Amino acid sequence: MAYWRDVLICTVGTSLKNNLARLDQDRLAEYLRNFNAKGLALWLLEKDPEDRLCGAEVNSIVSVIKKGHLKATRKLILLVSDTEDGGFLGKTLGQYFDHTANPNRFQEVEVHTLTGLTDSDPQRFRTEGLRNLVKAVASASRRESSEKIVINATGGYKAQISFAGMIGQALEIPVCYLFERFSEVIELPPQPISLDLSFWLENIETFYLLALDEAEENPVARDPRFESLVESIEMNGESLVVLSPVGQLFHETF
């Protein structure tokens, strides 16, 4: 990480709520029951951020800072699931890392919901949620520059972790992860990914139509290389051909 990286993208799960729900404390139970993000954020500020009770997101973000993976804490981008708990915990962590009393405070905090990233609908998770994860990271990369970003893929669904590693490799962004039994984050090793620029250039119009969900035919019939990059989904009684999450990553990379 030779670049001056000061932007952290962090996927958010529910480890904090799961940890606190096991405690027999009326104060915490009330915060969780009423989705009181401010109260829970203030409670977190009373704790050691390395305490496992604070959840994987807090533990890993603090470790990223402590280990020097970030040169400064300019911006934190929290990517949360498309669930009630996801929104609540994203808001809680946002207030926690934006609070002036937090020694690990970020100058700017953004919370983004990844539409479709929900375990209540596996098909939607695959076709929409993971695709929106790619879009969110790629959008941040364009705005901030990939040379400024670190991805923390500790929180959230397990599928996000491996996919975040692929996104980081394709966009040349380092990816950190805190394993459950580790005391500090590690940087995930690069994964072997081969991206063919000439194939994308040859089919650039098709890729843009697919990205807009406006393709009228399945391109696999004319070029089998599209097979892992597209998929068919049903929407409003119609069959649409769209980019798969891998296809979205392929397109966003170029």
Side-chain angles (χ1 to χ4, degrees), residues 1-3 5-19 44 48-81 83 85-86 89-90 92-94 96-97 104 106 109-112 114 117 119 125-126 129-138 140-141 144 146-193 245-246 249 252-253:
M1 299 186 188
Y3 298 108
R5 300 187 186 274
D6 57 6
V7 178
L8 182 63
I9 297 175
C10 182
T11 55
V12 175
T14 58
S15 64
L16 172 60
K17 182 177 180 181
N18 295 339
N19 289 349
L44 281 172
D48 179 348
E50 296 184 73
D51 188 325
R52 291 287 175 168
L53 273 179
C54 295
E57 292 78 13
V58 171
N59 295 161
S60 58
I61 290 174
V62 170
S63 183
V64 167
I65 297 170
K66 187 176 179 180
K67 293 292 293 181
H69 293 295
L70 288 178
K71 298 299 183 184
T73 52
R74 180 172 63 85
K75 180 181 286 189
L76 174 63
I77 301 173
L78 298 168
L79 303 181
V80 306
S81 61
T83 62
D85 282 346
L89 294 172
T92 298
L93 294 172
Y96 172 77
F97 282 106
N104 297 299
F106 283 78
V109 179
E110 297 178 1
V111 181
H112 299 282
L114 299 177
L117 200 71
D119 55 8
F125 179 97
R126 178 174 177 270
L130 288 179
R131 193 175 165 193
N132 283 328
L133 172 62
V134 176
K135 288 181 178 180
V137 177
S141 179
E144 306 292 343
S146 59
E147 298 174 355
K148 295 277 190 180
I149 299 173
V150 175
I151 297 173
N152 173 22
T154 302
Y157 302 106
K158 298 301 182 184
Q160 289 176 260
I161 298 167
S162 59
F163 213 75
M166 190 185 300
I167 296 170
Q169 174 72 1
L171 300 181
E172 299 183 340
I173 300 172
V175 179
C176 291
Y177 181 76
L178 179 65
F179 287 92
E180 188 174 354
R181 295 186 181 182
F182 287 11
S183 60
E184 59 187 41
V185 294
I186 63 167
E187 184 177 339
L188 297 180
Q191 300 182 36
I193 294 177
V246 173
L249 176 57
E252 295 283 0
T253 300

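Here the structure is a predicted model, which is why all the values come from computation and not from measurement.
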Does Pro49 reach the side chain of Tyr96, with side-chain heavy atoms less than 4.5 Å apart? yes
Got a donor-acceptor contact below 3.5 angstrom from the Arg5 side chain to the Ile149 backbone? yes
Polar side-chain atom of Thr154 near backbone of Leu178 as donor-acceptor pair, under 3.5 Å: yes
To the nearest 0.5 Å, how far apart are CD in Glu57 and CG in Leu16? 7.0 Å
With distance as the sole criterion, is a donor-acceptor pair present between the side chains of Thr83 and Asp85 under 3.5 Å? no
Are the side chains of Asn104 and Ile61 in contact, using a 4.5 Å heavy-atom criterion? no
Phe125 vs Leu117, side chain to side chain contact (heavy atoms under 4.5 Å, CB included): CA-CA, chis, key distance, verdict: CA-CA 5 Å; Phe125 179 97; Leu117 200 71; 3.5 Å; yes
Have a look at Val109 and tell me which of Leu78, Leu93, Leu8 forms a side chain to side chain contact (heavy atoms under 4.5 Å, CB included) with it. Leu78
Between Ser15 and Ala56, which heavy-atom pair has the shortest distance, and what is it? OG-N, 2.9 Å
Rounded distance [0.5 Å steps], CG in Asn59 versus CD in Glu50: 8.0 Å
Does the side chain of Asn152 come within less than 4.5 Å of Val150's, by heavy atoms? no
Using the side chain to side chain contact (heavy atoms under 4.5 Å, CB included) definition, which of the options Ile173, Leu130, Leu133 pairs with Ile167? Leu133
Within this structure, what is the CD-CD distance for the pair Glu172 and Gln169, rounded to the nearest 0.5 Å? 8.0 Å
Charged N to carboxylate O below 4.0 Å: is that the case for Lys75 and Glu110? yes
Stepwise side chain to side chain contact (heavy atoms under 4.5 Å, CB included) check, Val80 with Leu89: CA-CA 8 Å; Val80 306; Leu89 294 172; over 6 Å; no
Val175 and Ala153 have their tightest heavy-atom pair at CG1-CB, 3.9 Å
What pair of heavy atoms forms the shortest contact from Leu114 to Ala136, and how long is it? CD2-CB, 3.8 Å
Least distance between heavy atoms, Gly90 atom then Val12 atom: N-CG1, 4.5 Å
Would you check if the side chain of Ser141 reaches a backbone N or O of Val137 as a donor-acceptor pair within less than 3.5 Å? no
Which heavy atom of Phe179 sits nearest to which heavy atom of Arg52, and what is that distance? O-NH1, 4.3 Å
Enter the distance from His69:NE2 to Ser63:OG here, rounded to the nearest 0.5 Å. 6.5 Å
Within this structure, what is the CD1-OG1 distance for the pair Ile65 and Thr73, rounded to the nearest 0.5 Å? 5.5 Å
How many angstroms lie between atom SG of Cys10 and atom CD1 of Ile77, to the nearest 0.5 angstrom? 11.0 Å
Does some side-chain heavy atom of Val134 sit less than 4.5 Å from a side-chain heavy atom of Phe163? yes
Evaluation steps, side chain to side chain contact (heavy atoms under 4.5 Å, CB included), between Lys71 and Asp6: CA-CA 6 Å; Lys71 298 299 183 184; Asp6 57 6; 5.7 Å; no
